[in-house]
Amino acid sequence: MKNKELAALFHRIGDALDVKGEQTFKVLAYRKAARILEDLTDDIETLARDKKLESIDGIGHGIAQKIEEYVTTGRMAKYDEAVAGLPPGLLDLLDIPGLGAKTVSLAYEELHVGGLDDLKRVIADGSLAGLRGMGDKKVENIHKGIGLFEQGHARISICEAALISEAVISYLKKAPGIGRIDAAGSLRRMKETVGDIDILAEGRNGAAIIDDFVRIPGLKRILAQGDTKGSILVAVESSERQVDLRIVGSAEYGAALQYFTGSKEHSVKLRGLAKAAGLKISEYGVFRGAKKIAGRDEEGVYGALGLPWIPPELREDRGEIECARDGRLPRLVEAADLRGDLHCHTRASDGRMPLEDLAEQARSRGYAYIAVCDHSRSAAYAGGLTIERLEEQWAEIDRLNRRWKGFRLLKGSEVDILGDGKLDFPDKVLKHLDFVVASVHSGFKKNVTARMVKALENPWVDTIGHPSGRLLSGRRGYDVDLDRVIEAAAANGKALELNSHFDRLDLNDLYLRRAKDAGVLISIGTDTHSADGPAMIRFGLGIARRGWLEKKDVLNTRTAEGLVRWRKTRKR
DNA sequence: GCCGTTTTCGGCCCGACTGTTTTCAGTCG
């Protein structure tokens, strides 16, 4: 797949043209193409061969030709032309907060700044401050921006972002005159990682609330402080994280929430629709001429455009606006639909909770069942269970299950898929289990696709655990063709897992949608290892919704009896 | 560069904050 490679090229072309002062809309067109390629799960080379590039919204004749040129020749003349004459380190400077194309271009033209070292030099010797439109404060901001840039601006996990935003919100709720308050931005859209944290609040005295905001415990630096908007850095472990707060009146709260939730692409398309209908939409409301026709709540904003309210998780410009217009929006799966958790560990293997505590936690969440899926015998690193210990666990499960009405522990296993694609327990053991998750834990580059396909063909396997194997904190994942895995799951009537742990979220939103389209059911599991594990379900649910999953697409929305029936009646 | 049931040309989302200005440009989201 050359998708990511091409996306990087188009990003670079956009940056280069931006610095060279090319028309903004041309720059935006390249950046949009880059984003489309990043999101695309179809192989761009296949699409190019089939002459289908121009059927993608946002890819026109010009960019299609450039893609074709690149996949056939390995080069792209437009790219070479765009970066020609620019020093190799110049465009990287655009990633420095507070530094944009205009300033980079100016520093290059006037002072021959070609990269980070040059930039530091012209700051130190004062020559940058001498340029037109520059001053001491601007230079100081760029200097601080370099600090942030060098410290690394990695996105944080959705879990960490949720914790920070909840702390800030509970602090702000004590401020006088605060009304509605919500996390907006990518956190509200439940993206798997989050950059900055955006918070929107309703209040009359914005200046006073912002004044409170910039005094929050843990504050590292104030980036901006106005009457309606504040921006700060807070300390997070060893680094810093930006939190933006916006204050609006109650009459525009809905419009502002829509606006600050994004995504940018979704909002741009929405504004285009408004414009075509003779309306104007901003964070203050929807307007017909000078008359405001909506803004108090999001339903009204979408309603004014003739659309039903669109759930935040769908707002990525991936077809949701068209579906909303045609009345074809999915009814996304909700927390209340989930009747159980299909992947939990106990201290019998590498978990920390006893079986009984795990069950009580699940009962208190209102679940009807959970699948106890400790590791299998080959997983020595994780205290994998021998057949004997597995049988002991069954006895304990039977004993505990007599205790409750309306709740069941399911006998399960997270069985290793071995190097040859065989499973770590023989069929005569697997056949006694209620739920079998088959996972790859070793040999990440060794025939993973074929091994997963073979596991799916085993009649006792129900789902594949964390199918991509990637860790958001850094591990790339297996060398696996997920399309073939989805195909095999469909052919064998099996499920695939959505692992809800914040560092996994695997399958991701894009593959979930493909699996759904292929008719594959998704089993949502938390991969719980400790007492805070079951709460991870909120992140899994968020990703499921981003994957357009409905109640019917998720295996664990079924009753325990329904689950048993599914296992019995699926194709063998 | 993309796109079209108002357009194949002429649009393309819009406002806050900051800093350097004396009316506005750059950056960000």
Side-chain angles (χ1 to χ4, degrees), chain A residues 10 13-14 17-19 21-36 53-67 78 82 93-107 129-142 144-145 148 184-187 189 194-200 206-207 210 222-232 242-248 252 255-256 258-287 305 317 325:
Chain A
F10 286 130
I13 294 175
L17 296 183
D18 201 3
V19 167
E22 181 59 88
Q23 282 191 56
T24 313
F25 294 110
K26 204 177 272 196
V27 172
L28 289 178
Y30 279 109
R31 292 194 175 138
K32 183 175 184 184
R35 182 188 70 88
I36 290 166
L53 292 172
E54 286 182 60
S55 64
I56 303 170
D57 190 28
I59 306 278
H61 190 58
I63 287 186
Q65 276 194 325
K66 293 174 179 79
I67 294 173
K78 179 70 188 181
L93 298 180
L94 293 173
D95 288 334
I96 295 172
L99 194 57
K102 291 287 190 295
T103 311
V104 166
S105 172
L106 186 69
L131 294 182
R132 145 182 58 91
M134 299 298 287
D136 289 344
K137 286 218 171 165
K138 252 191 176 168
V139 172
E140 176 55 22
N141 274 336
I142 293 171
K144 284 177 178 165
L148 289 177
S186 52
L187 180 57
R189 301 200 314 278
V194 174
D196 299 334
I197 292 161
D198 300 304
I199 295 173
L200 179 73
I210 300 289
I222 301 170
L223 297 172
Q225 178 179 7
D227 289 346
T228 64
K229 185 181 161 180
S231 189
I232 60 172
Q242 185 170 335
V243 183
D244 296 332
L245 173 66
R246 192 62 190 257
I247 310 293
V248 299
E252 54 247 18
Q258 192 292 312
Y259 180 75
F260 290 108
T261 297
S263 64
K264 194 175 169 185
E265 292 76 13
H266 174 89
S267 292
V268 165
K269 184 161 272 187
L270 224 48
R271 276 155 200 256
L273 267 190
K275 194 155 193 149
L279 303 172
K280 194 187 78 166
I281 173 168
S282 75
E283 61 254 57
Y284 295 107
V286 184
F287 298 85
L305 302 175
D317 189 21
R325 195 188 48 207

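Atom set for the values below is all heavy atoms of this structure, side chains included, hydrogens, waters and symmetry mates excluded. Lettering of chains follows the sequences in order, A, B, ..., and the numbering in each one begins at 1.
- Of the candidates dG19(B), dT27(B), dG15(B), dT27(B) carries the atom nearest the Lys102(A) side chain, counting heavy atoms from C-beta on.
- Contact annotation: Ser231(A) side-chain N/O to dC17(B) OP1/OP2 distance is not under 4.0 Å.
- Within the 3.5 Å criterion, the main-chain N or O of Leu200(A) finds no donor-acceptor partner in the side chain of Arg246(A).
- Each of Arg271(A) and Pro97(A) was assigned the nucleotide of DNA chain B with the nearest heavy atom; the assignment lying further toward the 5' end belongs to Arg271(A).
- Here, dC9(B) and dC14(B) have their P atoms 25 Å apart, quoted to the whole Å.
- Taking a pair to require two hydrogen-bonding distances under 3.5 Å in either a Watson-Crick or a G-U wobble arrangement, dT8(B) remains unpaired.
- Nucleotide dG15(B) holds its P atom 12 Å from the CZ atom of Phe260(A), rounded to whole Å.
- Regarding contacts with the backbone of dC12(B), every side-chain N or O of Thr24(A) stays at 4.0 angstrom or more from both OP1 and OP2.
- Residue Asn141(A) places at least one side-chain N or O under 4.0 Å from the OP1 or OP2 atom of dG19(B).
- When the P atom is compared between dT21(B) and dG11(B), the two are found 33 Å apart, to the nearest whole Å.
- Residues Leu223(A) and Lys144(A) have side chains not in contact (no heavy-atom distance under 4.5 Å, counting atoms from C-beta outward).
- Nearest nucleotide to the Ser282(A) side chain, out of dC13(B), dG26(B), dC14(B): dC14(B).
- To the nearest 0.5 angstrom, Leu53(A) atom CG is 11.0 Å from Ile36(A) atom CD1.
- Spacing between atom NZ of Lys144(A) and atom P of dG19(B) amounts to 9 Å, rounded to whole angstrom units.
- With a 4.5 Å cut-off on side-chain heavy atoms, Ile63(A) and Phe10(A) count as touching.
- Separation of the P atoms belonging to dC12(B) and dC17(B) is 25 Å when rounded to the nearest angstrom.
- Comparing dG29(B), dC3(B), dC12(B) by their closest approach to the side chain of Asp57(A) singles out dC3(B).
- Rounded to whole Å, the C1' atom of dT20(B) lies 9 Å from the corresponding atom of dA25(B).
- Among the protein residues, Leu99(A) comes within range of the sugar-phosphate backbone only, with heavy atoms under 4.0 Å from sugar or phosphate atoms but none that close to a base.
- Nearest to the side chain of Val268(A), among dC13(B), dG15(B), dG29(B), sits dC13(B).
- Among the protein residues, Gln225(A) comes within range of the sugar-phosphate backbone only, with heavy atoms under 4.0 Å from sugar or phosphate atoms but none that close to a base.
- In this structure, CG of Leu273(A) is placed 14 Å from C1' of dG4(B), rounded to the nearest angstrom.
- Atom pair Lys269(A):NZ and dC14(B):P shows a separation of 17 Å (rounding to whole Å applied).
- Across all strands shown, Lys32(A) has no heavy atoms under 4.0 Å from either base or sugar-phosphate atoms.
- Residue-level contact check: Ile281(A) touches the backbone only, with heavy atoms under 4.0 Å from sugar-phosphate atoms and none from bases.
- Side-chain proximity of Lys138(A) to dG1(B), dG29(B), dT20(B): nearest is dT20(B).
- Under a 4.0 Å N-O distance rule, the pair Asp317(A)/Lys264(A) does not qualify as a salt bridge.
- Spacing of P atoms, dG1(B) relative to dT5(B), comes out at 23 Å, to the nearest Å.
- When Leu245(A), Ile232(A), Ile210(A) are each tested for a side chain to side chain contact (heavy atoms under 4.5 Å, CB included) with Gln225(A), only one passes: Ile210(A).
- A straight line from CD1 of Ile96(A) to C1' of dG26(B) spans 15 Å, rounded to a whole angstrom.
- The phosphate of dC12(B) has OP1 or OP2 within less than 4.0 Å of a side-chain N or O from Lys275(A).
- The pair Lys269(A)-Asp57(A) counts as a salt bridge, with a side-chain nitrogen and a carboxylate oxygen less than 4.0 angstrom apart.
- Residues Leu28(A) and Gln242(A) each lie close to DNA chain B; by heavy-atom proximity, the contact nearer the 5' end of the strand is made by Leu28(A).
- For Ile63(A), the listed nucleotide lying nearest its side chain is dC2(B); candidates were dC2(B), dG29(B), dG15(B).
- Look at the P atom in both dT22(B) and dG10(B): the space between them is 36 Å, to the nearest Å.
- As judged by a 4.0 angstrom heavy-atom cut-off over every strand, Lys66(A) is placed among residues touching the sugar-phosphate backbone only.
- Listed nucleotides: dG15(B), dT18(B), dC2(B). Nearest to the side chain of Ala29(A): dC2(B).
- A donor-acceptor pair is defined here as one N or O able to donate and one able to accept, closer than 3.5 Å; such a pair exists between the side chain of Ser263(A) and the backbone of His266(A).
- In this structure, of dG19(B), dG29(B), dG1(B), it is dG19(B) that holds the atom nearest to the side chain of Lys137(A).
- Rounded to whole Å, the C1' atom of dC2(B) lies 12 Å from the corresponding atom of dT8(B).
- Ala276(A) comes within contact range of at least one nucleobase, with a heavy-atom separation under 4.0 Å.
- Rounding to whole angstrom units, CG of residue Leu94(A) and C1' of dG26(B) are separated by 13 Å.
- Going from atom CD1 of Ile142(A) over to atom P of dG19(B) covers 11 Å, rounded to whole Å.
- Of the candidate nucleotides dT18(B), dG1(B), dA16(B), dA16(B) has the atom nearest to the side chain of Thr228(A).
- Residue Lys229(A) places none of its side-chain N or O atoms closer than 4.0 Å to OP1 or OP2 of dT27(B).
- Look at CD on Glu283(A): it is 6 Å from P on dA16(B), rounded to the nearest Å.
- Of the listed nucleotides (dC12(B), dT18(B), dG29(B)), dG29(B) has the atom at the smallest distance from the side chain of Lys264(A).
- The residue Tyr284(A) sits close only to the backbone: its heavy atoms come under 4.0 Å of sugar-phosphate atoms, none of a base.
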